[in-house]
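Below is one structure, written out as structure tokens; comments come after it.
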Amino acid sequence: MGLERDAGPRTELSRDILHQPVLVAECIDLLGAQPGKTLVDGTLGFAGHAEALLHETAPDGLLFGLDRDPQALAASAERLAPFGERAVLLHASFRELRDALKARGIDQVDGVLLDLGVSSVQLDRAERGFRFSESTAEQTPLDMRMDASQGETAADLLARASEETLTDWFRRYGELRGAARLARTIVQTRREAPLLTAADLIRLTREARVGGGRRHHPATLVFQALRIAVNDELGALEEGLASALSVLAPGGRLCVIAYHSLEDRLVKHFMRDAERGCICPPKDPICTCGREPSLRRVTRRPVRPGADEIAQNPRARSALLRAAERLAA
Ligand SMILES: C[S@@+](CC[C@H](N)C(=O)[O-])C[C@H]1O[C@@H](n2cnc3c(N)ncnc32)[C@H](O)[C@@H]1O
């Protein structure tokens, strides 16, 4: 198996895989995973989907697995070692999917899977700062980077972003009521002392009296908004979808699992627009954009896990899977 770029030290994570993959049978089916296919898992995580796809494509299929997180790659390298050269792991964002494959001499593939967001293992490791818990908040750093080897942490962003930018993130990525009040409270507080731990942020969320609707604790949405901003998750998804489309062979499939409405909306619109092709205003008498349809939607509505899967894996409850097929150029 090839593992490109420094995937970091081997970790104890690989001995105790705690991430359960979601909608595995549905992904195999919708991707059309069969012997000999070349597939990409753009969000390798702990290789639950990848392992299943490698079994389905045996004996000669190839799987390219990408992840931004060196820890996830190191754990997956051990898990996928039995597949030898059939699994190629790459430390890269899926927004660079096309270039990452090109560097390996691959121009076209039969399927791309994106299982968005963070893994349970990332969530459960307090030092990554993805999840807050009242009992450990004092010790939880405001990091939230998927690739902890580079880029700005949540604490860095909270220290430097303008009040307007913070308001925009909380409003757009967290859909919070009271976004402007929270941004103002943060900017006033950081003049006295930096925000460094989850406890600091939870305290300000309370002080600013933000609201999060009926389904979520307001601090959950504040954390969600910051995580999306730290990792530019929606920007990466937009570019990643276009990159994936550009490497799909005719008849190749794109499958995306989203876990919240912001992501799912983006995927839905991308697939719908690619199916439609032309983006000229309907009142225009002739098409001037020249765009041809490039995808056919395989799922009109998102596929969701059944009650049994949700009972076994509560994280699956918010999963929304959409699939589309590349049309011949
Ligand atoms: C939900 S987990 C995937 C779990 C995986 N399907 C499995 O079976 O173990 C999402 C993974 O995608 C990675 N990730 C998120 N955004 C990414 C991006 N833009 N490029 C590459 N990896 C990304 C995260 O680091 C995380 O490991």
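Note that ligands are numbered from 1 as they come in the structure, with each ligand's atoms numbered from 1 the same way. Treat the numbers as computed from the prediction; the structure is a model and nothing was measured.
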Is the backbone N or O of A323 less than 3.5 Å from a side-chain atom of T299, with the two atoms forming a donor-acceptor pair by type? yes
Hey, are the side chains of L245 and R326 touching, using non-hydrogen atoms and a 4.5 Å cut-off? yes
Distance dump, ligand 1 polar atoms to protein, N/O, under 3.5 Å:
| from | atom 1 | to | atom 2 | distance (Å) |
| --- | --- | --- | --- | --- |
| ligand 1 | 6 (N) | H49 | ND1 | 2.8 |
| ligand 1 | 6 (N) | D115 | OD2 | 2.7 |
| ligand 1 | 8 (O) | G48 | N | 3.0 |
| ligand 1 | 8 (O) | H49 | N | 3.1 |
| ligand 1 | 8 (O) | H49 | ND1 | 3.3 |
| ligand 1 | 9 (O) | F46 | N | 2.9 |
| ligand 1 | 9 (O) | A47 | N | 3.3 |
| ligand 1 | 9 (O) | G48 | N | 3.4 |
| ligand 1 | 19 (N) | S93 | OG | 3.2 |
| ligand 1 | 20 (N) | F94 | N | 2.8 |
| ligand 1 | 22 (N) | R68 | N | 3.3 |
| ligand 1 | 25 (O) | D67 | OD1 | 2.7 |
| ligand 1 | 25 (O) | Q122 | NE2 | 2.9 |
| ligand 1 | 27 (O) | D67 | OD1 | 3.4 |
| ligand 1 | 27 (O) | D67 | OD2 | 2.7 |

Residues in side chain to side chain contact (heavy atoms under 4.5 Å, CB included) contact with A50, at least two apart in sequence or another chain: D41, L44, A47, L63, L80
Using a 6.0 Å distance limit plus a 45 degree cone around the ring axis, check whether R315 lies over the aromatic ring of Y259. yes
Is the backbone N or O of L116 less than 3.5 Å from a side-chain atom of T43, with the two atoms forming a donor-acceptor pair by type? no
Is R95 salt-bridged to D232, cutoff N-O under 4.0 Å? yes
